[in-house]
A.B. asks: 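Pasting a structure below so you can have a look.
All heavy atoms count here, side chains included; hydrogens, waters and symmetry mates do not.
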Amino acid sequence: MCGIVGIVGRSNVNQAIYDALTVLQHRGQDAAGIVTCDGDRLFLRKDNGMVRDVFRNRHMRRLVGNIGIGHVRYPTAGSSSSAEAQPFYVNSPYGLTLAHNGNLTNTEKLAEDIFKADLRHINTTSDSEVLLNVFAHELQTMGKLTPQADDVFEAVARVHKRAEGAYAVIAMITGYGILAFRDPHGIRPVCYGRRDTPDGPEYMVSSESVALSGLGFQLERDLAPGEAIYITAEGEVHTRQCAENPKLEPCIFEHVYLARPDSIIDGISVYKARLRMGEKLAEKLLREWPNHDIDVVIPIPDTSRTAALQMANALDVKYREGFIKNRYIGRTFIMPGQQQRKKSVRQKLNAIELEFQGKNVLLVDDSIVRGTTCNEIIQMAREAGARNVYFASAAPAVKYPNVYGIDMPAAVELIAHDRTVDEICTLIGADKLIFQDLEDLVSACSEGNSSIEHFDCSVFDGKYVAGNIDKAYLDKLENSRNDAVKNGSEAARAEALAENEVIDLHNAS
């Protein structure tokens with residue numbers, strides 16, 4: 001899960017890209033980067049940290065140019081090195097920069113092919129750098145001194161034939177324009193919009209529509225699976241379907257947790273989808289526990305608020321805010337390492353004791369992944385005086401790792417993996433536990449866009465829509481994502497922060 005943005009403007013776009021990245025900060029807090037283009041010169045700034053920390057006034061002044069792309073990142077394989085920060089750059093052909101959200105599932109084969117057949121060197125472990133070099137090679141084989149839209153789209157079509165997995169991509173061709181494309185299954189989101197200025201229209205591509213609306217752009221539409229959009233530096237827009245057999249199968253976890261509620265993804269309002277999740281979960285609770293003794297419904301902020309509110313309404317039970325959130329602590333789902341996540345829960349949330357004392361409380365969260373966070377929160381509720389603490393998850397039990405760009409940990413670290421609901425309930429310390437049914441979750445989302453026949457629900461059902469995922473791949477993924485690896489990477493990250501500034505182009509540092 002990362003955030004990507006690209007803008008073709010009529011004046012300097014540095015501030016607009018910065019503002020868009022702050023809106024997309026929830027998609028990644030590990031690193032941030034912006035590259036702009038002024039004529040045939042590139043200006044790049046990227047480093048570890050939040051957007052507000054990576055970019056200072058001196059950096060912004062040097063990020064000149066009317067086109068540019070940006071990225072916010074969180075690591076999907078345990079690495080926190082600043083060398084993994086995006087966008088990535090290669091000088092041939094034309095000078096290309098690229099930012100990527102998702103995860104390639106055939107990275108090792110591609111990297112081998114790139115070295116042996118394409119004669120290109122990969123400098124990091126990032127699949128995004130691999131993807132950039134694949135695209136660069138395919139574009140270079142067009143053999144044109146000046147790239148045309150047809151050449152760009154043909155290169156994307158060849159990328160689709162080589163790359164497997166999930167990828168929403170924004171790339172910039174120095175001096176020529178911005179390209180964005182989406183994998184043939186449309187797993188990760190990307191959309192584009194337009195705003196009119198006295199000097200002419202400006203265009204923006206982003207992971208989520210909320211970044212468009214926040215900057216005054218009108219959402220045009222989402223990119224279709226396999227589709228590419230090429231916007232020239234002069235503002236000419238070209239689109240083309242570049243995949244042979246595209247099928248929209250978007251990641252359903254975007255609606256559960258990843259996306260902001262004020263976004264619209266593939267025609268589905270995230271907010272409305274979460275309301276329906278709350279309704280359907282309440283219906284299940286009433287079927288299984290018609291004589292419940294719940295006094296109050298309390299959400300675990302922030303993502304679960306929408307579902308919890310609708311659940312309280314459907315149950316005819318009071319809704320109360322029982323936890324106050326410290327806004328200066330990052331999302332614990334993103335934080336690598338069990339101890340860091342556990343410690344941050346107490347720093348992030350504080351209970352309002354009056355809402356818990358002597359009450360039977362139903363806590364509602366968007367999902368349960370490792371179980372560490374909800375275990376800590378249930379203890380906090382009991383310490384605040386709750387008589388009984390029940391727990392509801394707006395999503396089904398997360399049983400399988402994600403291979404498409406979400407840092408779901410190794411299967412053995414997922415609390416629901418090979419466990420029953422009763423066993424999970426005991427482990428998290430709740431008096432009762434209820435999960436959303438997968439059919440209800442799919443229904444809650446598909447009601448927003450009935451043309452979507454299937455979602456990627458792999459973390460719930462273990463079915464990977466892009467295929468070619470076997471036990472050997474999952475075992476290798478587990479070795480790269482477990483907490484031991486991440487704890488080791490934290491030491492590397494601290495060392496990198498102490499020693500490195502950033503490698504910039506043309507004095508953007």
A.B. asks: OG/Ser128 to CG/Leu98 distance, rounded to the nearest 0.5 angstrom?
C.D. replies: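 Output value for this atom pair is 7.0 Å.
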
A.B. asks: Side-chain contact, heavy-atom cut-off 4.5 Å: Leu441 with Phe455?
C.D. replies: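 SC-SC contact between Leu441 and Phe455 ruled out.
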
A.B. asks: Quick one: pull up NZ in Lys325 and NZ in Lys348 and give me the separation to the nearest 0.5 Å.
C.D. replies: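 Between Lys325 NZ and Lys348 NZ, I get 5.0 Å after rounding to 0.5 Å.
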
A.B. asks: Quick check: does any side chain N or O of Asn375 sit under 3.5 Å from a backbone N or O of Leu427, one acting as donor and the other as acceptor?
C.D. replies: yes

A.B. asks: Is the Phe253 ring parallel, tilted or perpendicular to the Phe460 ring (thresholds 30°, 60°)?
C.D. replies: tilted

A.B. asks: Between Asp366 (side chain) and Thr303 (backbone), is there a donor-acceptor pair under 3.5 Å?
C.D. replies: no

A.B. asks: Just wondering, do Tyr203 and Ile178 contact through their side chains at under 4.5 Å, heavy atoms?
C.D. replies: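 Side-chain contact under 4.5 Å: no.
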
A.B. asks: Just by modelled atom types, is the Tyr257 backbone N or O under 3.5 Å from a matching donor or acceptor in the Glu254 side chain?
C.D. replies: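 Answer holds: no.
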
A.B. asks: For the pair Asp183 (side chain) and His185 (backbone), establish whether a donor and an acceptor sit closer than 3.5 Å, ignoring hydrogens and angles.
C.D. replies: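 Present.
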
A.B. asks: Which pair of heavy atoms, one from Arg73 and one from Cys2, lies closest together, and at what distance?
C.D. replies: CA-SG, 3.8 Å

A.B. asks: Is a donor on one side and an acceptor on the other found under 3.5 Å between the side chain of Asn103 and the backbone of Val403?
C.D. replies: yes

A.B. asks: Decide yes or no on side chain to side chain contact (heavy atoms under 4.5 Å, CB included) for Ile34 and Arg45, but give the supporting numbers first.
C.D. replies: CA-CA 6 Å; Ile34 295 175; Arg45 166 66 182 173; 5.6 Å; no

A.B. asks: For this output row, return yes or no: ring centroids of Tyr167 and His160 closer than 6.0 angstrom.
C.D. replies: yes

A.B. asks: Under a 3.5 Å distance rule, please check whether Ser367 uses its side chain to pair with a backbone N or O of Ala395 as donor and acceptor.
C.D. replies: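 A pair under 3.5 Å: no.
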
A.B. asks: For a side chain to side chain contact (heavy atoms under 4.5 Å, CB included) check, start with the C-alpha distance between Tyr400 and Leu474, then their side-chain angles and the critical distance, and finish with the verdict.
C.D. replies: CA-CA 10 Å; Tyr400 305 93; Leu474 293 176; over 6 Å; no

A.B. asks: Measuring only between side-chain heavy atoms, which start at C-beta, is Lys272 closer than 4.5 Å to His255?
C.D. replies: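 SC-SC contact between Lys272 and His255 ruled out.
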
A.B. asks: Please report the interatomic distance CD1(Ile114) to CD1(Ile122), rounded to the nearest 0.5 Å.
C.D. replies: 4.5 Å

A.B. asks: Apply side chain to side chain contact (heavy atoms under 4.5 Å, CB included) to Gln86 and Ile4, showing your working.
C.D. replies: CA-CA 10 Å; Gln86 299 184 37; Ile4 56 176; 5.8 Å; no

A.B. asks: I need the minimum non-hydrogen distance between Ile268 and Cys445, along with the two atoms involved.
C.D. replies: CD1-O, 3.3 Å

A.B. asks: Is the shortest side-chain heavy-atom distance between Tyr271 and Asp262 below 4.5 Å?
C.D. replies: no

A.B. asks: With a 3.5 Å distance limit and no angle check, can you tell me whether His417 reaches the backbone of Lys399 through a side-chain donor-acceptor pair?
C.D. replies: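 Flag set: sc His417 to bb Lys399 pair under 3.5 Å.
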
A.B. asks: Of all the heavy-atom pairs spanning Gly68 and Val13, show the shortest one and how long it is.
C.D. replies: N-CG2, 3.8 Å

A.B. asks: Do Asp266 and Leu248 come close enough that some side-chain heavy atom pair is under 4.5 Å?
C.D. replies: yes

A.B. asks: Any side-chain to backbone donor/acceptor pair from Gln25 onto Met50? Under 3.5 Å, distance only.
C.D. replies: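 No; zero donor-acceptor contacts below 3.5 Å.
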
A.B. asks: To check you understand the geometry: which heavy-atom pair defines the closest contact between Ser393 and Leu281, and what is its length?
C.D. replies: O-CD2, 3.4 Å

A.B. asks: Do other residues, nucleotides or ligands put more than 12 heavy atoms under 6.0 Å from Arg221 CZ?
C.D. replies: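 More than 12 within 6.0 Å, yes.
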
A.B. asks: Do Val210 and Val270 come within less than 4.5 Å of each other through their side chains, counting heavy atoms only?
C.D. replies: no

A.B. asks: Contact between Thr125 and Glu84 at the side-chain level, heavy atoms closer than 4.5 Å - yes or no?
C.D. replies: yes

A.B. asks: As an exercise, state the distance from CG of Leu212 to CZ of Arg194, rounded to the nearest 0.5 Å.
C.D. replies: 13.5 Å

A.B. asks: Find the distance between OG (Ser206) and CD1 (Ile69) and round it off to the nearest 0.5 Å.
C.D. replies: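 Atom-to-atom, Ser206:OG and Ile69:CD1 are 13.0 Å apart.
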
A.B. asks: Say you draw a straight line from OG1 of Thr306 to CE of Met277; how long is it, rounded to the nearest 0.5 Å?
C.D. replies: 9.5 Å

A.B. asks: Whether the side chain of Ser209 engages the backbone of Ile264 through a donor-acceptor N/O pair (distance < 3.5 Å, no angle test) should be reported.
C.D. replies: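 Flag set: sc Ser209 to bb Ile264 pair under 3.5 Å.
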
A.B. asks: Scan residues 462-471 for pairs that pass side chain to side chain donor-acceptor pair (under 3.5 Å), counting only residues two or more places apart or in two chains.
C.D. replies: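 Checked against side chain to side chain donor-acceptor pair (under 3.5 Å) - neighbours excluded - the pairs reaching residues 462-471 are Glu164-Asn468, Lys471-Asp475.
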
A.B. asks: Report, as yes or no, whether the 6.0 Å neighbourhood of atom CD on Glu321 holds more than 12 heavy atoms from other residues, nucleotides or ligands.
C.D. replies: yes

A.B. asks: Between Lys46 and Phe88, is NZ or CZ placed under 6.0 angstrom from the six-membered ring centre and within 45° of the ring axis?
C.D. replies: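 Satisfied, under 6.0 Å and within 45°.
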
A.B. asks: Looking only at non-hydrogen atoms, find the nearest pair between Pro299 and Phe323 and report the distance.
C.D. replies: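 Heavy-atom minimum between the residues: O-CD1, 3.8 Å.
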
A.B. asks: Judged by atom type as modelled, is there a donor-acceptor pair below 3.5 Å linking the side chain of Asp418 to the main-chain atoms of Val412?
C.D. replies: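 Absent.
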
A.B. asks: Output yes when Lys161 and Glu138 qualify as a salt bridge under the 4.0 Å nitrogen-oxygen rule, no when they do not.
C.D. replies: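 Not counted as a salt bridge, because no side-chain N and carboxylate O are separated by less than 4.0 Å.
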
A.B. asks: Which heavy-atom pair separates Ile378 from Gly429 by the least distance, and what is that distance?
C.D. replies: CG2-O, 3.3 Å

A.B. asks: For Asn326 and Asn350, what are the C-alpha separation, side-chain angles and deciding distance, and is it a side chain to side chain contact (heavy atoms under 4.5 Å, CB included)?
C.D. replies: CA-CA 8 Å; Asn326 181 348; Asn350 191 53; over 6 Å; no

A.B. asks: Measure the shortest side-chain to side-chain distance between Leu349 and Ile300 over non-hydrogen atoms and say whether it is less than 4.5 angstrom.
C.D. replies: yes

